[in-house]
**Q** 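Below are the structure tokens for one structure; questions will follow.
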Amino acid sequence: MTSETVLDIRGLSAGYARDDGSVSRVVEDVSLRLERGRIAGLVGESGCGKSTTALAAIGYLSPGLRIAAGESRFDGVDLLALPLRELRALWGSKVAYVAQSAAVALNPALTVGRQLAQPLAVHLGLDRRAARARSVELLDAMGLRDPVRALRRYPFQFSGGQQQRIGLAIALSCEPDVLILDEPTTGLDV
């Protein structure tokens with residue numbers, strides 16, 4: 001079996017903008033290669049830049065985050081050079097991210113069913129019926145009881161561990177090539 005690089009990060013440096021316009025670097029010269037079907041892990045103490053590295057690598061620039069140097073190639077295309085519109089087409093379909101805190105990542109104003117259906121409709125073109133069937137399947141696979149009823153509920157009606165499983169279901173919904181998990185087991189129960 002030959003290895004195929006799906007994500008190739010080279011010399012990535014990123015940081016946060018200061019009031020004076022300068023950038024306080026949090027990530028300095030990170031390089032790593034992820035091969036299709038393999039798992040890579042970033043290990044380090046709290047606040048060392050693991051989450052910043054993951055977000056910067058997929059071109060997701062949270063408020064104040066700036067790329068100072070480097071490139072991040074997904075299937076040969078530099079994500080850091082793509083316009084936002086093209087990145088949005090990749091996020092959720094080819095590259096998915098599960099945040100540390102599902103409670104913050106999930107939209108409290110939308111039912112779980114709507115949040116699961118959105119990437120299925122946008123990226124896979126599923127109609128309402130097909131998206132609902134796939135959503136039930138995903139929640140069931142994540143071990144949520146009564147997935148049909150769960151679709152009608154809001155995130156706050158679930159425990160932290162259940163919210164984390166819902167976040168995982170959303171990330172897995174379109175079967176991405178790259179799945180980035182930012183401390184995905186933090187909120188999970190046994």
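For this chain, numbers begin at 1 and follow the sequence in order.
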**Q** Please enumerate all residues that pass side-chain contact (heavy atoms from CB on, under 4.5 Å) together with Ala105, with sequence neighbours excluded.
**A** Ala99
**Q** Starting at CG of Leu179, measure out to NZ of Lys94 and round the result to the nearest 0.5 Å.
**A** 14.5 Å
**Q** Under 4.5 Å between any side-chain heavy atoms of Leu12 and Leu32, yes or no?
**A**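 Result no, sub-4.5 Å side-chain heavy-atom pair not found.
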**Q** Check whether Thr111 reaches the backbone of Arg114 with its side chain - one donor and one acceptor, N or O, closer than 3.5 Å.
**A**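 At least one qualifying donor-acceptor pair exists.
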**Q** Indicate yes or no: at least one non-hydrogen side-chain atom of Leu42 is less than 4.5 angstrom from one of Thr53.
**A**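 Yes; the side chains approach each other to less than 4.5 Å.
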**Q** Counting distance only, does the side-chain N/O of Asp78 pair as donor-acceptor with the main-chain N or O of Ser72 below 3.5 Å?
**A** yes
**Q** Should we say atom CG of Asp19 is surrounded by more than 12 heavy atoms from elsewhere, each under 6.0 Å from it?
**A** no
**Q** Would a distance-only check, ignoring hydrogens and angles, find a side-chain to backbone donor-acceptor pair under 3.5 Å from Ser135 to Ala131?
**A**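 Yes, the answer is positive, given that a donor and an acceptor are paired below the 3.5 Å cut-off.
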**Q** Out of curiosity, Ile58 CD1 to Leu82 CG, how far, rounded to the nearest 0.5 Å?
**A** 12.0 Å
**Q** Scan side-chain atoms only and decide if Asp29 and Ser13 contain a donor-acceptor pair under the 3.5 Å cut-off.
**A** no
**Q** Is it the case that atom CZ in Arg25 sees more than 12 heavy atoms from other parts of the structure closer than 6.0 Å?
**A**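 Yes, CZ of Arg25 has more than 12 neighbouring heavy atoms, counting only those of other groups under 6.0 Å.
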**Q** How long is the straight-line distance from CD of Glu175 back to OG of Ser93, given to the nearest 0.5 Å?
**A**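 It comes to 12.0 Å.
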**Q** Would a single hydrophobic cluster contain both Leu181 and Leu79, if residues Ile, Leu, Val, Met, Phe, Trp and Tyr are joined by side-chain heavy-atom contacts under 4.5 Å?
**A** no
**Q** Using modelled atom types and a 3.5 Å cut-off, is there a donor and acceptor pairing between side-chain atoms of Gln162 and backbone atoms of Ser159?
**A**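 A pair under 3.5 Å: yes.
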**Q** Above 12 or not: heavy atoms from other molecules or residues under 6.0 Å from CD of Gln118?
**A** no
**Q** Determine yes or no for a side-chain-to-main-chain donor-acceptor pair under 3.5 angstrom, with Arg153 supplying the side chain and Gln157 the backbone.
**A**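 Such a contact is found between Arg153 side chain and Gln157 backbone.
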**Q** Under a 4.5 Å side-chain heavy-atom rule over Ile, Leu, Val, Met, Phe, Trp and Tyr, are Ile166 and Ile180 clustered together?
**A** no
**Q** Taking the six-membered ring for Trp and the single ring otherwise, decide whether the centroids of Tyr97 and Trp91 are under 6.0 Å apart.
**A**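 Aromatic pair excluded; centres sit 6.0 Å or further apart.
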**Q** Would you say Ser24's side chain and Gly15's backbone share a donor-acceptor pair under 3.5 angstrom?
**A**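 No, Ser24 side chain to Gly15 backbone: no donor-acceptor pair under 3.5 Å.
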**Q** Return the CZ to OG1 distance between Arg73 and Thr5, rounded to the nearest 0.5 Å.
**A** 12.0 Å
**Q** For Gln115 and Leu110, indicate whether the former's side chain and the latter's backbone hold a donor-acceptor pair under 3.5 Å.
**A** yes
**Q** May I have all residue pairs that pass ring pair (Phe, Tyr, Trp, His ring centres under 6.0 Å) and include part of residues 150-172, sequence neighbours excluded?
**A**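 Applying ring pair (Phe, Tyr, Trp, His ring centres under 6.0 Å) to every pair that reaches into residues 150-172, excluding sequence neighbours, yields nothing.
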**Q** Please determine which of Leu144, Leu139, Asp146 meets the side-chain contact (heavy atoms from CB on, under 4.5 Å) test together with Leu151.
**A**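 Among Leu144, Leu139, Asp146, the one meeting side-chain contact (heavy atoms from CB on, under 4.5 Å) with Leu151 is Leu139.
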**Q** Is there a donor-acceptor pair under 3.5 Å between the side chain of Gln163 and the backbone N or O of Pro155?
**A**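 Yes, the answer is positive, given that a donor and an acceptor are paired below the 3.5 Å cut-off.
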**Q** Would you say Lys50's side chain and Glu45's backbone share a donor-acceptor pair under 3.5 angstrom?
**A** yes
**Q** Verify salt bridge (Lys or Arg N to Asp or Glu O under 4.0 Å) between Arg145 and Asp140, making sure each step is shown before the conclusion.
**A** CA-CA 7 Å; Arg145 291 187 190 162; Asp140 186 53; over 6 Å; no
**Q** Taking Ile170's backbone N and O only, do any of them form a donor-acceptor pair with Ser173's side chain (distance below 3.5 Å, no angle check)?
**A** yes
**Q** Do Val98 and Gln164 come close enough that some side-chain heavy atom pair is under 4.5 Å?
**A** yes
**Q** Quick one: does Val95's side chain get under 4.5 Å of Asp177's, heavy atoms only?
**A**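 A side-chain contact is absent here, since even the closest heavy-atom pair is not under 4.5 Å.
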